[in-house]
Amino acid sequence: MPFTPLTQLPDRPVTRFAPAPTGYLHLGHVVNAVFVWGIARARHGTVLLRIEDHDRKRCQLEYEMALLEDLDWLGLEPDAGTSAELRAGPSPHRQRDRESLYLEALARLERSQQVYACDCSRKGIAFDGGDVPNEETRYGGRCRGRGLSRAAGRGLRVVIDDGDERFVDAALGAQTQIPARQCGDLLVRDRLGRWTYQFAVTVDDLEQGVNLVIRGRDLLASTGRQIWLARMLGRAAPPVFLHHPLIVKPGGEKLSKASHDTGIRELRAAGMTPGQVLGRAAFLAGIVAAERPLSVEALGDPFRE
Ligand code: GLU
């Protein structure tokens, strides 16, 4: 049962594996890795590793080191941003070492769109009310016309136009999203001075030449705004996006970083080999029809046309 994309994937794609070091690696990450490395290998592409530690409060060095160790154990070696490079010190493959790029991108964004300071708290925004109940909170634009200065303790938002974004997801087909209705003016930097996920990931994908984004379906709703933002930053053509299924526990519960039954360290301690872990992830994600060991060398096989 080979995986057949619905849309043309780039030849020799540049793709990325972009975990946040907020916990230990679990099978959900390995599912993503199997798609990323598998598709890249099948199409003679490149895999970049990117440590997404924009959220300094939740990210920990211990988790970053554990993540590199687990990837090494699994045999998943990126073509750029190798564990040796990341262990050696500052690297363009780690978000906290990319501050100057984000500042440059912010300056560029300000040339095309209005950026303004915002002192709303998350709670205040929830109070403003959104039109996408149960999904995410839409910012109602309270600070848009207030002309607040950029002082410490204030976030930065960009005015988002009220248009729709259409794209073809390589696994899900045609999609239409209206970012202005989903999230309202986009937060670029939060009140504690941290770049947001949406901003950092869009800048990184642009600057690192990523033309194929492979990630779980939980991030599908973010795609329209990332395509919009990339255009505002001067990106000519957006990357191709592929949102793959997420694996859940037998009871339908989402895997979490605290899941002891799916943590890579636990599976390893229980005696599983790297090939068995990769094979289990590929099976649970529906990439292969039966659970059997899958070697790193064979990761591209299910994705060859
Ligand atoms: N860092 C995100 C995560 O850990 C992935 C971001 C992305 O693929 O766009 O889920």
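Because only heavy atoms are used, hydrogens play no part in the values below, and waters and symmetry mates are left out as well, while side chains stay in. As the structure lists them, so they are numbered: ligands from 1, and atoms in each ligand from 1.
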The criterion is ring-ring contact (aromatic ring centres under 6.0 Å, His included); which residues satisfy it with H54, sequence neighbours excluded?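 ring-ring contact (aromatic ring centres under 6.0 Å, His included) check on H54 returns nothing, list empty.
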* Asked: Any idea how Y63 and Y24 line up, ring-wise: parallel (<30°), tilted (30 to 60°), or perpendicular (>60°)?
  ->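 The rings of Y63 and Y24 stand perpendicular, inter-plane angle above 60°.
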**OP:** Indicate the ring-plane relationship of H26 and H29, choosing parallel, tilted or perpendicular according to the 30° and 60° boundaries.
**Re:**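 H26 and H29: tilted rings.
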Using a strict 4.0 Å cut-off to heavy atoms of [X], name the atoms of ligand 1 that fall inside it.
X: Y197; value: 6 (C), 7 (C), 9 (O)
X: V201; value: 9 (O)
X: R16; value: 7 (C), 8 (O), 9 (O)

Would you tell me which option among H54, E52, R215 has the nearest heavy-atom contact to atom 6 (C) of ligand 1?
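When every heavy atom of H54, E52, R215 is considered, E52 comes closest to atom 6 (C) of ligand 1.
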_Measuring from non-hydrogen atoms of Q226 to any atom of ligand 1, is the shortest distance under 4.0 Å?_
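Contact absent.
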task = Scan side-chain atoms only and decide if Q208 and R16 contain a donor-acceptor pair under the 3.5 Å cut-off.
result =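 No - no donor-acceptor pair under 3.5 Å links their side chains.
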### Donor + acceptor pair across side chains of Y197, Q226 (<3.5 Å)
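A donor-acceptor contact under 3.5 Å links the two side chains.
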Indicate yes or no: does an N/O atom of A18 lie under 3.5 Å from an N/O atom of ligand 1?
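Yes: some nitrogen or oxygen of A18 is under 3.5 Å from one in ligand 1.
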At a non-hydrogen distance cut-off of under 4.0 Å, which region of V213 contacts ligand 1 (side chain, backbone, both, or neither)?
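For V213, no heavy atom sits under 4.0 Å from ligand 1.
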Original post:
What's the spacing between R191 CZ and S121 OG if we round to 0.5 Å?
Top reply: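 R191 atom CZ to S121 atom OG measures 5.0 Å (nearest 0.5 Å).
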